[in-house]
Chemist: 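One structure is given below, represented as structure tokens, and several questions about it will come after.
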Number of protein chains: 2
Amino acid sequence: MTESSQEPPQAPQAPPELAISEQVAVYQREFPNVDPQVETIVSTLSRLSRRMTVAYGRHLNDLGISSADWEVLKALIVAGAPYRLGPGELAKRIGLTPAAMTHRVDRMATAGLVTRSRDESNRVRVNIELTELGREKWLESMRMAAVFEESLLQDATPEERSELAGALGRMLRRVEDSQPDAQGRTDDLAPDDSER
Amino acid sequence: MTESSQEPPQAPQAPPELAISEQVAVYQREFPNVDPQVETIVSTLSRLSRRMTVAYGRHLNDLGISSADWEVLKALIVAGAPYRLGPGELAKRIGLTPAAMTHRVDRMATAGLVTRSRDESNRVRVNIELTELGREKWLESMRMAAVFEESLLQDATPEERSELAGALGRMLRRVEDSQPDAQGRTDDLAPDDSER
DNA sequence: CCTGAAGACTTTACTAGTGTAGTCTTTCGT
DNA sequence: ACGAAAGACTACACTAGTAAAGTCTTCAGG
């Protein structure tokens, strides 16, 4: 029984997929202006990221939490001890409306990942606080991720890793330059998968 | 008027985001076992992919199509001339149920991106065929993407590009090895953003 | 002390997209 | 010709989100 208890609704089956080189060939056939090398990099990056998202999703599924839950756990962890923020602040950091955060917190409180309580000193405010369970789930997700990520990079020497980090970092800078107003500006189209 | 006509509902505002190095520092603080170099690579990759998805989403928004639409256009393009597939086959290739595909095709036919017609020789079957408009939209999306992608890699020499493609390709192979049954197995958790 | 305004969260109504199950139409074997 | 199978569509339910209205607490001013 590697199956987890709660299955989210699922796509019907595995779509057979073209190899990257085949896909680039298709693009060249249908759109001759394409640069094969650039397209190979971009397609590989895209598929890699997607597969990683799927892998993380499995890990989280095994832990019994959703990626939406994980996103909230992460925000609380990033906030640091005592791992406590208000719903509004959480919503702002994650890029959701407060109303959506209310629902998420409902689910997560029921699952025991966080507690919701009114602030002592100002009873208008509400505190969302990570429970020990929530923190443990996050830590466990990190343990699983660390193993997984190391396995992805097992071929790479420290020098190669360093070059890879540099190359990706330069690409990221270029993207951010091209999205001026967008320090994480998630408008226009939701990216949908939460960042690690 | 750079604004597109049809605005999808949107997240309320830009969440302020940590720099990658800050985020890695947080992970080290909260989970000491983390390898900073690995985490830097993975976080950069993740954020880069997300930003790219946002950028593509803007391009598509300017074209007046959704990423779900684009996914269908791509499948028809990949199928090659005469750019025609049945709903069931499309659903299989994209990883959707036939019912969901019916709705997508409804929208896209209304928008003039595809046509739906019964097959002449076998009147149970339905053919979804790319219109000239649909093909032109896809080509335009590729033109925009090509400019954008070249700008991302403007720093990289051909050698660096080649190394990057190699490194990402090796990582992708490792992921696929770790997801044995998963030739694009989209189960368990939907990746949500369509691959380029 | 009471009243009214502002702030923070919640509730309600609605939208978009998808899965499940059932229905309809056409085809094909007997 | 008839019955069964296949393919697509329809009806319904569910999830997760936004937007806007509502509720409750706090605090300032008369």
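Proteins get letters first, then strands, A, B, ... in listed order; numbering begins at 1 in each.
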Chemist: Would you say a side-chain N or O of B:T97 is under 4.0 Å from OP1 or OP2 of C:dG19?
Modeler: yes
Chemist: What's the CZ-P distance between A:R116 and C:dC9, to the nearest Å?
Modeler: 11 Å
Chemist: Under the salt bridge (Lys or Arg N to Asp or Glu O under 4.0 Å) test, which residues partner A:E140, sequence neighbours left out?
Modeler: A:R143
Chemist: With the side chain counted from C-beta on, respond yes when A:F148 and B:R174 share a heavy-atom pair under 4.5 Å apart, and no when they do not.
Modeler: no
Chemist: Whole-Å distance between C:dA16 P and B:L96 CG?
Modeler: 17 Å
Chemist: For DNA chain C, find the residues of residues 104-114 of chain B with a heavy-atom distance under 4.0 Å and give them by number; none if there aren't any.
Modeler: B:R104, B:R107
Chemist: Taking B:R93 first and then B:E195, would you say they form a salt bridge - that is, a charged N and a carboxylate O separated by under 4.0 Å?
Modeler: no
Chemist: Would B:L90 and B:L133 show up in the same hydrophobic cluster when neighbours are defined by side-chain heavy atoms closer than 4.5 Å?
Modeler: yes
Chemist: Reading DNA chain D from 5' onward, which residue's closest nucleotide shows up sooner: A:D119 or A:A68?
Modeler: A:A68
Chemist: Is there a side-chain polar atom (N or O) of A:T102 under 4.0 Å from OP1 or OP2 of C:dC9?
Modeler: no
Chemist: May I have the distance from B:I65 (atom CD1) to C:dG17 (atom P), rounded to whole angstrom?
Modeler: 13 Å
Chemist: Can you tell me how far P of C:dG17 sits from NE2 of B:H103, to the nearest Å?
Modeler: 11 Å
Chemist: Just to be sure I understand the rule, does B:A100 reach a base, reach only the sugar-phosphate, or reach nothing, if contact means heavy atoms closer than 4.0 Å?
Modeler: sugar-phosphate
Chemist: Report the distance from atom CG of A:N127 to atom P of C:dT10, rounded to the nearest whole Å.
Modeler: 11 Å
Chemist: Atom CE of A:M101 to atom C1' of D:dA16: distance rounded to whole Å?
Modeler: 12 Å
Chemist: Would you find a donor on one side and an acceptor on the other, under 3.5 Å apart, between the side chain of A:R47 and the backbone of B:L172?
Modeler: no
Chemist: As a test of reading the structure: which of D:dT10, C:dT11, C:dG7 is closest to the side chain of A:A99, going by heavy atoms?
Modeler: C:dT11
Chemist: Specify the separation, in whole Å, of atom CD of B:E71 and atom C1' of C:dG17.
Modeler: 12 Å
Chemist: Excluding sequence neighbours, so at least two apart, what forms salt bridge (Lys or Arg N to Asp or Glu O under 4.0 Å) with B:K137?
Modeler: none
Chemist: To check you understand the geometry: which heavy-atom pair defines the closest contact between A:Q28 and A:P36, and what is its length?
Modeler: NE2-CG, 3.3 Å
Chemist: For A:L85 and C:dA8, what is the distance between atoms CG and C1' respectively, to the nearest whole Å?
Modeler: 15 Å
